[in-house]
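Structure record follows, encoded as structure tokens.
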Amino acid sequence: MTATNGWVAEDYAKVNAPHLRTALAALSLAGDALEQGGAFAEIGCGTGDIARVAAERGFEVWASDASQSMVDATRQRCAGLPVRVEVCPAERLDLPEDRFTVVHSSWVLHWVTEVERPLRRMARALRPGGHLVLQWTGAHPRGQGPGMFGILRQVAGSPKWRDLLAEARPAMREYPADEVAARLTAAGLDLVHYDPELAHPLSAKGPGPTLADLPDLRERYKLAGFATQAAALGERADEFVDEVLTTMIEAGQVDPHHARTVARRPG
């Protein structure tokens with residue numbers, strides 16, 4: 001469930017449980033697709049939890065992730081099951097057409113540099129009646145200005161950090177939910193479920209975090225969204241993460257804007 005090559009499986013596993021629960025919840029919205037068997041594509045396989053679930057339900061699974069560490073973890077978790085896994089960033093997807101009963105990708109799109117081609121390739125990989133299940137972060141409308149990821153890029157690009165992060169530029173991007181939905185319908189899919197403001201276990205609605213929450217937030221983001229930058233900065237990682245989070249809190253941009261969409265290929 002991550003598509004950045006900076007992720008380490010051991011670290012990701014520490015924060016993965018809520019993401020796994022949301023992935024299973026999203027897949028449950030694909031009608032009886034999980035009972036049909038066939039072929040299952042897992043884009044951004046993370047540590048292999050969903051790939052294993054699909055294989056144990058009788059699917060032949062093709063799984064990919066941009067992180068070698070994640071691919072290795074998936075191979076280990078899915079040993080002995082019909083799961084083929086390889087290193088492949090979402091931008092380079094080359095899925096066979098008309099093949100998959102389910103194509104699933106949770107918490108990956110916001111790591112992708114552009115989504116037009118990956119979404120089109122996911123859509124055409126579905127067999128008639130197949131379902132595409134997507135969840136991602138940074139789905140807020142463009143009119144709301146820079147969100148969390150935009151602020152992260154601004155801080156990372158400031159004179160203080162720019163040179164130190166020359167080899168670890170933030171990769172995350174915002175993709176509004178309505179734009180993703182429009183791309184799916186343009187690719188010939190029917191929307192089965194559309195939730196542009198998905199509540200997530202890590203970001204329940206209510207009072208947002210304050211500066212008093214920085215210690216807990218820092219550790220979470222060092223393992224998750226800012227892992228690549230934290231690794232590059234070493235001893236200064238806490239300083240950078242605190243500056244990003246403080247800027248977000250002061251700007252009132254602490255809502256990750258998660259979204260969920262399930263689409264079906266007619267037929």
Side-chain angles (χ1 to χ4, degrees), residues 1-7 11-12 15 18-19 22 44 66 90-91 106-115 134-180 195-260:
M1 296 173 211
T2 179
T4 176
N5 57 16
W7 283 77
D11 290 340
Y12 182 68
V15 296
H19 301 313
T22 64
E91 294 91 336
S106 278
W107 317 119
V108 172
L109 285 188
H110 51 275
W111 294 104
V112 178
T113 54
E114 66 87 19
V115 294
L134 298 173
Q135 298 183 118
W136 73 102
T137 302
H140 60 290
R142 294 198 183 279
Q144 294 184 7
M148 294 180 67
F149 300 152
I151 290 173
L152 171 61
R153 292 195 300 273
Q154 289 173 1
V155 174
S158 68
K160 179 179 178 180
W161 301 108
R162 184 172 54 228
D163 293 341
L164 294 172
L165 293 174
E167 303 300 322
R169 299 292 188 200
M172 295 89 89
R173 295 290 184 271
E174 290 89 357
Y175 295 111
D178 57 345
E179 294 182 12
V180 171
D195 187 348
E197 296 185 13
L198 175 67
H200 188 286
L202 289 179
S203 59
K205 297 298 183 183
T210 68
L211 294 178
D213 300 312
L214 271 182
D216 290 338
L217 290 172
R218 178 199 305 138
E219 295 310 307
R220 181 192 305 168
Y221 280 97
K222 281 170 61 180
L223 291 173
F226 308 161
T228 301
Q229 290 71 46
L233 291 171
E235 293 181 354
R236 298 193 66 183
D238 286 358
E239 180 186 356
F240 171 75
V241 174
D242 282 0
E243 183 175 337
V244 174
L245 292 173
T246 298
T247 304
M248 290 177 178
I249 291 170
E250 292 177 345
Q253 290 289 357
V254 294
D255 185 349
H257 291 274
H258 304 301
R260 173 185 289 162

Contacts of Asp242 that satisfy salt bridge (charged side-chain N to carboxylate O under 4.0 Å, His left out) - sequence neighbours left out: Arg218
Over all atoms of both residues, closest heavy-atom pair of Ile151 and Ala251: CD1-CB, 4.1 Å
Heavy-atom closest pair, residues Thr22 and Arg260: O-NH2, 3.3 Å
Results of salt bridge (charged side-chain N to carboxylate O under 4.0 Å, His left out) for Asp238 - residues two or more places apart only: Lys222
Residue list, side-chain contact (heavy atoms from CB on, under 4.5 Å) with His110, at least two apart or on another chain: Trp107, Trp136, Thr137, Phe149, Met172
Nearest-0.5 Å distance, CG of residue Leu214 to OG1 of residue Thr246: 4.5 Å
Side chain to side chain, Met248 and Tyr221, heavy atoms closer than 4.5 Å: no
Side-chain donor/acceptor of Glu174 to backbone N/O of Gly150, under 3.5 Å: yes
For the student: nearest non-hydrogen atoms of Ala168 and Ala232, plus distance: CB-CB, 3.7 Å
Considering all heavy atoms, the nearest Pro170-Arg153 contact: CB-CG, 4.0 Å
Straight-line distance of His258 NE2 to Asp195 CG, nearest 0.5 Å: 11.0 Å
All salt bridge (charged side-chain N to carboxylate O under 4.0 Å, His left out) counterparts of Arg169, not counting sequence neighbours: none
Least distance between heavy atoms, Val108 atom then Ala90 atom: CG1-CB, 4.4 Å
Contacts of type ring pair (Phe, Tyr, Trp, His ring centres under 6.0 Å), residue Phe240, not counting sequence neighbours: Trp161
Side chain to side chain contact (heavy atoms under 4.5 Å, CB included) between Leu134 and Tyr175, intermediate numbers included: CA-CA 12 Å; Leu134 298 173; Tyr175 295 111; over 6 Å; no
With sequence neighbours excluded, residues passing salt bridge (charged side-chain N to carboxylate O under 4.0 Å, His left out) with Glu114: Arg117
Under 3.5 Å donor-acceptor, Glu91 side chain and Thr113 backbone: yes
Spacing of CG belonging to Leu165 relative to NZ belonging to Lys160, to within rounding of 0.5 Å: 11.5 Å
Nearest non-hydrogen partners of Gln135 and Ser106, listed with the distance: NE2-OG, 2.7 Å
